[in-house]
Amino acid sequence: MQLSEQEIVRRQNLQAIRDLGIEPYPAATFEVNITAKEINETYDHHEEEEKRNLQQVRIAGRVMTKRVMGKAAFAVIQDGTAKVQIYVQRDMICPDENKDLYNKLFKKLLDLGDFVGIEGKCFLTKTGEITVKATSFTFLSKSLKPLPIVKTDEEGNVYDAFTDPELRYRQRYVDLVVNPHVREAFLKRTQMYNSMREFLNGKGYLEVETPILQPLYGGAAARPFKTHHNTLDMTLYLRIANELYLKRLIVGGFDGVYEFSKDFRNEGMSRFHNPEFTQIELYVAYKDYEWMMNLVEEMVEKVALDTNGTTKIQVGENVIDFKRPWKRYTMFEAIEHFTSIDISQMDEDELRATAKKLHVPIDPSMGKGKLIDEIFGETCEAKLIQPTFITDYPIEMSPLAKKHRTVPGLVERFEAICNGKEILNSFSELNDPIDQRARFEEQLSLGKRGDDEAMVLDEDFLNALEYGMPPTAGLGIGMDRLAMIMTNSNSIQDVLFFPQMRPKVTASNAEEEEE
RNA sequence: GAUUUGGUAGCUCAGUCGGUAGAGCAUCUGACUUUUAAUCAGAGGGUCCCGGGUUCGAACCCCGGCCAAAUCACCA
């Protein structure tokens with residue numbers, strides 16, 4: 001292994017710490033009684049000073065900067081909440097003759113990135129920054145690699161920002177340490193989950209877990225990942241959706257179930273697609289898609305408030321307002337709104353001519369439903385910035401949705417479009433087992449014609465439906481896409497801790513391959 | 001999968017016409033008891049992504065490959 005100059009120095013420092021008789025990786029708990037954030041907030045809110053004992057704070061964290069001025073020094077440490085400045089005087093932490101703890105350990109052997117524990121009292125510096133004056137300090141853990149140190153001046157200008165996306169995604173742990181905005185985005189993501197759980201649990205719905213390894217993949221149109229179980233000697237698939245399992249639970253008598261489902265699709269990657277991603281799916285018995293639209297508005301408005309404190313979210317150039325009610329169009333209305341063409345009564349030939357006129361790319365294999373979907377996608381979707389419900393989709397695209405109660409050829413389905421992208425999908429679920437079997441068979445014939453994303457027929461799911469499923473409304477929300485909006489992120493990789501990357505061939509694993 | 005852009009010190013980047021590899025921060029040595037992009041004086045640090053080619057000579061030109069990003073294609 002080739003070590004850089006700085007890595008060699010740090011390993012030497014590690015040994016020097018041991019030579020002082022100090023364990024660089026101590027086992028014992030270091031009790032803290034306050035966080036950096038709490039210390040900073042205390043300074044912002046003077047009335048709270050009384051409530052907190054700032055004479056005896058104990059805090060632990062990673063050393064981010066160090067400014068030594070002879071016999072005293074300032075450093076900034078960062079804990080799980082924020083950064084706080086500490087002040088170390090030689091004679092304060094070394095009251096006796098032996099000054100090694102300051103002169104050697106603190107001044108020389110303590111590197112940026114090391115973890116320390118500080119005990120001391122808070123005071124305000126000349127320039128008014130709340131600071132912990134150390135009465136003792138404890139070495140907690142050595143860092144052997146230099147962190148990319150990001151500096152910010154008084155005016156907020158950032159220097160040497162750690163920005164290389166490849167390094168940031170491959171070494172997210174480094175990204176998280178030095179880029180506070182990255183950390184904030186992930187805190188918001190978790191807040192989204194908490195917010196939805198609170199909302200759905202409050203309505204009495206049950207959070208469940210269903211199989212990720214499935215003998216048949218269903219519930220969506222996508223290519224799966226395939227694997228093999230040795231003991232059963234059988235093929236298993238990583239789920240592309242959990243829809244069919246949640247519906248089985250509705251059949252089983254749970255009237256409201258939801259799951260945060262990690263799903264897997266063996267398809268292209270882009271800034272909107274990662275091979276594994278998360279959906280929340282929700283099914284509620286005795287409800288329809290109209291009811292679900294109201295629930296979605298209520299829930300997503302709450303998520304915006306809980307994550308951002310407002311319904312108005314800045315996303316790129318746009319401000320997106322999730323305040324209820326959202327705009328609603330049927331798919332035909334949306335197309336008419338953006339193109340001034342009413343296609344609702346057109347037959348296949350007329351649709352094809354209209355698509356051509358609108359410069360929508362089509363091919364001869366497209367049927368009526370696909371043509372409508374394509375016209376919508378090309379002319380409307382990108383223009384829908386504010387959250388908007390699009391309702392009533394062509395039946396061909398939706399083999400698991402119930403036929404529309406009044407309009408032939410359509411299903412009771414809606415999507416919400418936001419910032420020009422679909423963020424969620426919902427329908428009145430198809431619960432007629434005869435119709436469901438027919439729809440699966442249509443998919444089978446599509447599959448035989450070479451559509452490798454056509455759905456497969458799930459006999460056991462049909463068996464469940466034949467026992468009877470109540471009328472049910474179902475919903476799936478792309479959590480990653482919603483997180484992108486709630487955090488103003490441009491790429492799905494910015495809301496996934498560890499986005500999928502092609503492995504980088506390094507010198508060391510190239511050697512392993514040779515061996 | 002296609003196109004474009006990029007890959008140089010730990011990080012962010014510069015590198016002229018093809019002629020000994022550069023800066024800031026970080027690191028090392030020294031000074032400094034309220035600094036905050038600390039400051040001051042000095043020093044060290046390179047598989048220029050990989051492999052071939054052209055050339056007296058390649059970070060730079062040519063060919064092939066790897067990785068990444070953006071756009072497109074694909075895609076509930």
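Geometrically, Arg172(A) does not engage Phe498(A) in a cation-pi contact, judged by NZ or CZ lying under 6.0 Å from the ring centre and within 45° of the ring axis. Judged by the 6.0 Å and 45° rule, Lys133(A) forms a cation-pi pair with Phe123(A).
Nucleotides C72(B) and U47(B) have their P atoms positioned 38 Å apart, rounded to a whole Å. Here, A9(B) and A70(B) have their P atoms 23 Å apart, quoted to the whole Å. Comparing the same atom, P, in A14(B) and in C49(B) gives a spacing of 13 Å after rounding to whole Å.
A26(B) is unpaired under the Watson-Crick or G-U wobble criterion, no partner having all donor-acceptor distances under 3.5 Å. Of all nucleotides present, only U4(B) satisfies the Watson-Crick or G-U wobble test against A69(B), with each distance under 3.5 Å. Under the Watson-Crick or G-U wobble criterion, with both distances below 3.5 Å, U39(B) is paired with A31(B).
If you check distances only, the side chain of Asp164(A) never reaches the base of G7(B) with a donor-acceptor pair under 3.5 Å. Not a single donor-acceptor contact under 3.5 angstrom links the side-chain atoms of Glu129(A) to the base of U34(B).
Note on Arg271(A): only backbone sugar-phosphate atoms sit closer than 4.0 angstrom, heavy atoms only; bases stay farther off. Counting any heavy atom pair closer than 4.0 Å across all strands shown, Lys71(A) reaches a base atom. Residue contacts for Phe277(A): at a heavy-atom cut-off of 4.0 Å it reaches no nucleic acid atom on any strand shown. Residue contacts shown for Leu147(A) are absent, as no nucleic acid heavy atom lies under 4.0 Å away. Residue Val68(A) is classed as a base contact, given a heavy-atom separation below 4.0 Å to a base. Residue Thr125(A) is classed as a base contact, given a heavy-atom separation below 4.0 Å to a base. Looking at heavy-atom distances under 4.0 Å, Phe272(A) makes no contact with the nucleic acid at all. Residue contacts shown for Gln6(A) include a base, since a base heavy atom lies under 4.0 Å away.
Mapping Arg90(A) and Arg413(A) onto RNA chain B by nearest heavy atom places Arg90(A) closer to the 5' end of the strand. Annotation: of the two residues near RNA chain B, Ser491(A) and Gly70(A), the 5′-most nearest-nucleotide partner is Gly70(A).
Atom pair Lys108(A):NZ and U29(B):C1' shows a separation of 7 Å (rounding to whole Å applied). Spacing between atom CD1 of Ile149(A) and atom C1' of A37(B) amounts to 12 Å, rounded to whole angstrom units. Distance CG (Asn266(A)) to C1' (C74(B)): 13 Å, rounded to an integer number of Å. Rounding to whole angstrom units, NZ of residue Lys145(A) and C1' of A26(B) are separated by 15 Å. Note: CD (Gln85(A)) to P (A37(B)) measures 10 Å, nearest angstrom. Rounded to a whole Å, the CD atom of Glu378(A) is 7 Å from the P atom of A73(B). Atom CG of Leu110(A) is separated from atom P of C28(B) by 11 Å (rounded to the nearest Å). Rounded to an integer number of Å, the gap from CE of Met269(A) to P of A73(B) is 18 Å.
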Side-chain donor/acceptor pairs under 3.5 Å, residues 105-113 of chain A, sequence neighbours excluded:
unit_1, atom_1, unit_2, atom_2, d
Asp111(A), OD1, Asn13(A), ND2, 3.4
Asp111(A), OD2, Asn13(A), ND2, 3.0
Asp111(A), OD2, Lys142(A), NZ, 2.7

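You'll find that the side chain of Phe74(A) is closest to U35(B), out of G44(B), C67(B), U35(B). Of the candidates G10(B), A37(B), C32(B), the closest approach to any side-chain atom of Asp153(A) belongs to A37(B). Distance from the side chain of Met69(A) is smallest to U33(B) among C67(B), U33(B), G10(B).
Ion pairing of Asp373(A) with Lys368(A) is absent here, as no side-chain N (NZ or NE/NH1/NH2) approaches a carboxylate O to less than 4.0 Å.
Proximity of Thr65(A) to Arg67(A): side-chain heavy atoms (C-beta onward) are separated by under 4.5 Å at one or more points.
For the residue pair Tyr169(A)/Asp494(A), the side-chain donor-acceptor check at 3.5 Å is satisfied.
We find that the ring of Tyr159(A) and the base of A37(B) stack, their centres lying under 5.5 angstrom apart and their planes tilted less than 30°.
For residues 359-389 of chain A, the pairs satisfying ring-ring contact (aromatic ring centres under 6.0 Å, His included) are Trp326(A)-Phe389(A), Phe389(A)-Phe414(A), with sequence neighbours left out.
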